[in-house]
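Worksheet for the structure shown next.
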Amino acid sequence: MTACPADDEPATWGQQAFRDALDRFDRHAWHTRVTAEQPVPDGLDLAGVHLAVDRVVAAHEGLRTTLVDAPGGPRQHVAPAGRVALEQVAVASPADVDAAAHELAERLRRRSDGPLSVGVVDAAGVPRRLVWALSHLAVDATSVGVLLSRPLAGGPRDDPTRPGHPGPAARQPREQAVYEAQDGYRRRSARAVAYWRARFGDLDLPLARRDRTAAGSRQAVLDSAAAATALDRVVRRLGLPSSAVVLAAVAAGLGAVHGRRVLPMQVITSNRHLPGLDRYVGVLAQPGPLVADLDPDLPFGALVEQVHGRAGTAYRHAFWSPTELDAGLRDDGRSADDVLGGICTVNDVRGAGRDPGPRPDTATATPQVRKLACWPYQGGRLAVAVAGGERALRIAMRVDPAYLDDALLPDLLHSVEAVLRRAASGGPGTPIRQLTGELNVPPAHPGQ
């Protein structure tokens, strides 16, 4: 047990939910750090990079936060601001920066000493790329976007108008814990817990029962240029957000291979819509509950409308106290582990990283499935992450083979990609049964 200083606060709901998720799911091939790269502006020397990093870390307590065990539950400990150690990598030419930064990111990702590690790549003595490796218990992926939204710049710490300054002080994680103890936040949690219980209190959950002895996890990915083009076409025809089209395709594809007409899911939201939290650097992302009804005769456009409306409701119920949710589900005879682990998790992270660009195999009708050495998204016994951009759509999945046969991974990935392509070809009025026909028949997958 680690003693906590008196000025520590209880863990926030987001911090507690993330830690619970990491404890719930098998950590094999799951890393607890997210990495990001940031270009170093021209004219900024190594001393300026040091100063810029120190200023950013001083401005955001989340980058200095660790969770420690204490009586009554975990608490967050914030280290004092100070000099941040930078791991330096030197290369001979700017052409070598990309490869060196990638290697540095992978090395920093595997470390576990504190909430962050930072490195810099310089070419011929000039700093070119900054690499951040940040604990998922300290920040969520959207926080990384907040950090990268301002360019690095050296200069006085106390000039918020200077380009690259971290900006006006945002709410800090310890302050957030105080807010969550207030009546308004408690009422929000109570509403969310009631909604979770109403959705999943007695619903059959496909991944709640462990019926295999396999250990570890499996994860794979495919990149499809055709899927990116199809997504754009369907969005233009429907006039609905691309996130809703992606969610509908994931639901239909999983339902076909999994053999389900009712698919319970949890969708991830960053909770940045809450007042005062748009610039928050910490852990806010939590899942909300969504149930997709996959009537085979339902037109795909109607499924998109269905999940779009239900996702909005799910997002409004994606901010809750893990302690209160656990207690409420136990009153229903269920555990949070069964419910949160027993439904598939869907995370749309398009725009959160680089567009992967078309791979050589994405021009073929059936892009190849590739194994992932680690899983850089959210946890889950069946977790789906959709990334990429205009040139290629990246669909990734993680499976816990103790709950679901991992041999289904290629079929699950290809089914989502195929639903998008078929919806674009047949139009929004195409019924689900035509989009998913024969998708549950295992095809041949070259390269597996």
Side-chain angles (χ1 to χ4, degrees), residues 199 222-258 260-270 272-273 287-318 344-352 355-356 358 362 365 367 384-397 412-439:
R199 298 286 77 74
L222 66 78
D223 294 324
S224 171
T229 301
L231 174 61
D232 180 66
R233 186 182 304 172
V234 175
V235 167
R236 283 189 279 108
R237 287 181 177 178
L238 287 176
L240 290 170
S242 60
S243 58
V245 178
V246 167
L247 187 58
V250 169
L254 295 185
V257 178
H258 214 1
R260 300 187 67 91
R261 288 186 53 166
V262 175
L263 186 71
M265 299 185 289
Q266 47 190 345
V267 291
I268 307 296
T269 181
S270 71
R272 302 288 161 153
H273 58 282
L290 185 152
V291 178
D293 294 317
L294 303 170
D295 183 339
D297 295 319
L298 187 70
F300 183 72
L303 177 62
V304 175
E305 292 178 351
Q306 176 200 122
V307 298
H308 177 51
R310 295 182 183 183
T313 304
Y315 295 150
R316 290 193 295 273
H317 296 91
C344 70
T345 305
V346 181
N347 199 5
D348 186 349
V349 293
R350 289 172 301 135
D355 183 338
T362 57
V384 184
V386 181
E390 296 179 356
R391 296 183 297 168
L393 204 66
R394 172 165 292 173
I395 306 170
M397 291 188 189
L412 290 165
L413 285 163
H414 281 296
S415 68
V416 175
E417 196 262 355
V419 166
L420 277 172
R421 289 190 291 102
R422 293 179 180 184
S425 177
T430 306
I432 294 175
R433 70 167 70 251
Q434 291 185 23
L435 300 179
T436 60
E438 299 184 353
L439 286 181

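With hydrogens and angles ignored, the 3.5 Å screen pairs a side-chain donor or acceptor of Thr436 with a backbone N or O of Ile432. Judged by distance alone, the side chain of Arg237 and the main-chain N or O of Ala424 form a donor-acceptor pair under 3.5 Å. In this structure a side-chain-to-backbone donor-acceptor pair under 3.5 Å is present from Arg422 to Gly437.
Within the structure, side-chain hydrogen bond (donor to acceptor under 3.5 Å, both in side chains) pairs that include any residue of residues 245-254 do not occur (at least two apart or interchain). Sequence neighbours left out, not one pair with a member in residues 239-250 passes salt bridge (Lys or Arg N to Asp or Glu O under 4.0 Å). Applying the salt bridge (Lys or Arg N to Asp or Glu O under 4.0 Å) test to pairs two or more places apart or on separate chains, none has a residue in residues 247-257. Applying the salt bridge (Lys or Arg N to Asp or Glu O under 4.0 Å) rule to pairs touching residues 299-308 yields nothing, sequence neighbours excluded.
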Quick one: do Cys344 and His258 satisfy side chain to side chain contact (heavy atoms under 4.5 Å, CB included)? Show the steps, please. CA-CA 11 Å; Cys344 70; His258 214 1; over 6 Å; no
Candidate pair Glu390 and Asp232, rule side chain to side chain contact (heavy atoms under 4.5 Å, CB included), full reasoning: CA-CA 8 Å; Glu390 296 179 356; Asp232 180 66; over 6 Å; no
Take Val346 and Leu247 through the side chain to side chain contact (heavy atoms under 4.5 Å, CB included) test and state the conclusion after the steps. CA-CA 8 Å; Val346 181; Leu247 187 58; 3.9 Å; yes
Applying side chain to side chain contact (heavy atoms under 4.5 Å, CB included) to Val267 and Asp348, what does each step give before you reach the verdict? CA-CA 8 Å; Val267 291; Asp348 186 349; over 6 Å; no
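Every side chain to side chain donor-acceptor pair (under 3.5 Å) that Arg260 has, sequence neighbours left out, goes to Asp204. The salt bridge (Lys or Arg N to Asp or Glu O under 4.0 Å) search around Arg433 returns Asp297, not counting sequence neighbours. Ala251 pairs by the side-chain contact (heavy atoms from CB on, under 4.5 Å) definition with Leu263, Met265, Ala292, Leu294, not counting sequence neighbours. With sequence neighbours excluded, no residue forms a side chain to side chain donor-acceptor pair (under 3.5 Å) with Asp295. Scanning for side-chain contact (heavy atoms from CB on, under 4.5 Å) contacts around Arg310 gives Leu290, Asp293, Gln306, with sequence neighbours left out. With sequence neighbours left out, the side-chain contact (heavy atoms from CB on, under 4.5 Å) criterion links Thr269 to Asn271, His273, Tyr315, Ala318. For Thr313, the side chain to side chain donor-acceptor pair (under 3.5 Å) partners two or more places apart in sequence, or in a different chain, are Arg316. For Ala248, the side-chain contact (heavy atoms from CB on, under 4.5 Å) partners are Phe300, Leu303, Val304, Val307, not counting sequence neighbours.
Closest non-hydrogen pair, Ala387 versus Leu393, comes out as O-CD1, 3.6 Å. For Pro428 against Leu238, the heavy-atom pair with the smallest separation is CB-CD2, 3.5 Å. Heavy atoms only, all atoms of each residue included: Ala314 and Pro289 are closest at CB-O, 3.2 Å. Scanning both residues, Ser415 and Leu412, for their nearest heavy atoms gives OG-O, 2.7 Å. Pairing each heavy atom of His414 with each of Pro367, the nearest pair is CE1-O, 2.9 Å. Across all their heavy atoms, Ala249 and Leu420 have their closest contact at CB-CG, 3.7 Å.
Distance check: Arg421 CZ to Arg233 CZ gives 11.5 Å after rounding to the nearest 0.5 Å. Taken from OG in Ser224 to CG in Leu413, the straight-line distance is 11.0 Å, to the nearest 0.5 Å.
Residues Pro241 and His308 have side chains in contact (heavy-atom distance under 4.5 Å, counting atoms from C-beta outward).
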